[in-house]
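Here is the structure we will look at.
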Amino acid sequence: MIRIGVLGLQGAFREHIRSVEASGAEGIIIKRVEQLNDIDGLIIPGGESTTMRRLIDKYEFLEPLRQFGKQGKPIFGTCAGMILLASEIAGFDHHHLGLMDIKVERNAFGRQRESFEADLDIKGVAEAYNAVFIRAPYILETGAGVDVLASYNDRIVLAQQGQYLACAFHPELTDDHRLTAHFVTMVEESKKTLAS
Ligand code: GLN
């Protein structure tokens, strides 16, 4: 069975476990670096990126997370997790993991739109996908190898680059598991490739 970890330092990690299990994989909450050896793919949840970064440093996760991605293992960053994956954050002079070639802006939909829902068409994955946005970032720019999978009001809110997937919304908060199922498929495929 495919085993998917959810980084459990801060944020909405329990809901992701439910969504992973509804998508036919085993979900494991990751609280210690050694646990990264036991999983085939990782979800970095929403929450607060600055708080999560502080905890990543405190528990010495930064390099092990980078190595996890560089081995070719899939990582799905959702909301704050997308900010953690990005190579550039507007208005900041440093990134966190810097694994994905995207420039993001934090809290980018403005105060009047703290949280909202929207129906998205996700290229190759789902139509009328019910997306929940909470103090959401969006993607301002993408590098050459990045495939844009969904936009909302001309803002990029979902993109993929090889084994990396990043979305601005919270796929774990509804019963629509189609995007998590897409990530599970990515992990299945990478597991076959990495084994051969
Ligand atoms: N605004 C948060 C941040 O900058 C992200 C919000 C979320 O993950 N729901 O980290």
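The analysis underlying the following values was restricted to heavy atoms, covering all of them including side chains, and did not include hydrogens, waters or symmetry mates.
- Looking at heavy atoms from C-beta onward, Leu65 lies in side-chain contact with Leu42 at the 4.5 angstrom threshold.
- Under the 30°/60° scheme for interplanar angles, the aromatic rings of Tyr152 and Phe109 are found to be tilted.
- A distance of 10.0 Å separates CG of Asn153 from OH of Tyr138, quoted to the nearest 0.5 Å.
- Expressed to the nearest 0.5 Å, how far CD1 of Ile17 lies from CD of Glu21 amounts to 6.5 Å.
- Here the closest heavy-atom approach between residue Ile134 and residue Cys79 is recorded as O-SG, 3.7 Å.
- With hydrogens and angles ignored, the 3.5 Å screen pairs a side-chain donor or acceptor of Asp121 with a backbone N or O of Ala128.
- Under the 4.5 Å side-chain criterion, counting only non-hydrogen atoms from C-beta, Leu55 is not in contact with Phe61.
- What you find for Pro171 and His16 is that their closest heavy atoms are CG-CE1, 4.1 Å.
- The pair Arg14-Glu172 does not count as a salt bridge, with every side-chain nitrogen at least 4.0 angstrom from each carboxylate oxygen.
- In this structure, OG1 on Thr78 lies 12.5 Å from CZ on Phe13, to the nearest 0.5 angstrom.
- We find the CD-CZ distance between Gln10 and Arg53 to be 14.0 Å, quoted to the nearest 0.5 Å.
- At distances below 3.5 Å, at least one donor-acceptor pair connects side-chain atoms of Arg66 with backbone N or O atoms of Leu97.
- No side-chain heavy atom of Ile89 sits under 4.5 Å from any side-chain heavy atom of Lys103.
- Using a cut-off of 4.0 Å between Lys/Arg side-chain N and Asp/Glu carboxylate O, Glu15 and Arg18 are scored as not salt-bridged.
- Closest approach of Ala80 to Ser49, counting heavy atoms only: CB-N, 3.7 Å.
- Side-chain contact check for Ile4 versus Ile28: every heavy-atom pair is 4.5 Å or farther apart.
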Enumerate donor-acceptor pairs with a distance under 3.5 Å from any side-chain N or O in residues 157-169 to protein atoms, sequence neighbours excluded.
residue, atom, partner, partner atom, Å
Gln160, OE1, His182, NE2, 3.0
Gln160, NE2, Gly162, O, 3.3
Gln161, OE1, Asp101, N, 2.7
Gln163, NE2, Gly69, O, 2.8
Tyr164, OH, Gly69, O, 3.2

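- Between Glu26 and Ile39 there is no side-chain heavy-atom pair separated by less than 4.5 Å.
- A donor-acceptor distance shorter than 3.5 angstrom exists from the side chain of Gln35 to the backbone of Ile29, with no hydrogens or angles considered.
- Within a 6.0 Å sphere centred on OH of Tyr59, other residues, nucleotides and ligands contribute 12 heavy atoms or fewer.
- Here the side chain of Lys31 pairs a donor or acceptor atom with the backbone of Gly8 at under 3.5 angstrom.
- A heavy-atom distance below 4.5 Å is found between the side chains of Leu9 and Ile56.
- Atom-to-atom distance recorded for Ser87:OG and Glu141:CD is 9.0 Å, nearest 0.5 angstrom.
- Summarising the geometry, atom NZ belonging to Lys191 is positioned 13.0 Å from atom OG belonging to Ser196; distances are rounded to the nearest 0.5 Å.
- The minimum heavy-atom distance between His95 and Glu88, with the atom names listed, is CB-N, 4.4 Å.
- Counted within 6.0 Å of CD on Glu60, heavy atoms from surrounding residues, nucleotides or ligands total 12 or fewer; the atom is thus considered open.
- Scanning both residues, Ala118 and Phe133, for their nearest heavy atoms gives CB-CE1, 4.1 Å.
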(request) Would you please test His177 and Ser19 for side-chain hydrogen bond (donor to acceptor under 3.5 Å, both in side chains) and show each step? (result) CA-CA 6 Å; His177 301 296; Ser19 189; 2.8 Å; yes
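- A salt bridge between Arg3 and Asp40 is absent, with no side-chain N of the basic residue lying under 4.0 Å from a carboxylate O of the acidic one.
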(message) Applying salt bridge (charged side-chain N to carboxylate O under 4.0 Å, His left out) to Lys192 and Glu189, what does each step give before you reach the verdict?
(response) CA-CA 5 Å; Lys192 280 185 218 145; Glu189 282 166 8; 5.8 Å; no
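- Cluster partners of Leu194 are absent, since no Ile, Leu, Val, Met, Phe, Trp or Tyr has side-chain heavy atoms less than 4.5 Å from it.
- Met100 and Val187 fall into different hydrophobic clusters, where Ile, Leu, Val, Met, Phe, Trp and Tyr are joined by side-chain heavy atoms under 4.5 Å apart, directly or via other members.
- Residues Asp119 and Asn130 meet the side-chain proximity criterion, which asks for heavy atoms closer than 4.5 Å.
- The pair Glu48-Arg106 counts as a salt bridge, with a side-chain nitrogen and a carboxylate oxygen less than 4.0 angstrom apart.
- Of all the heavy atoms in Ile83 and His96, the pair that sits closest is O-CD2, 4.0 Å.
- Inter-residue side-chain proximity for Leu7 and Ile43 is flagged as unmet; no heavy-atom pair is nearer than 4.5 Å.
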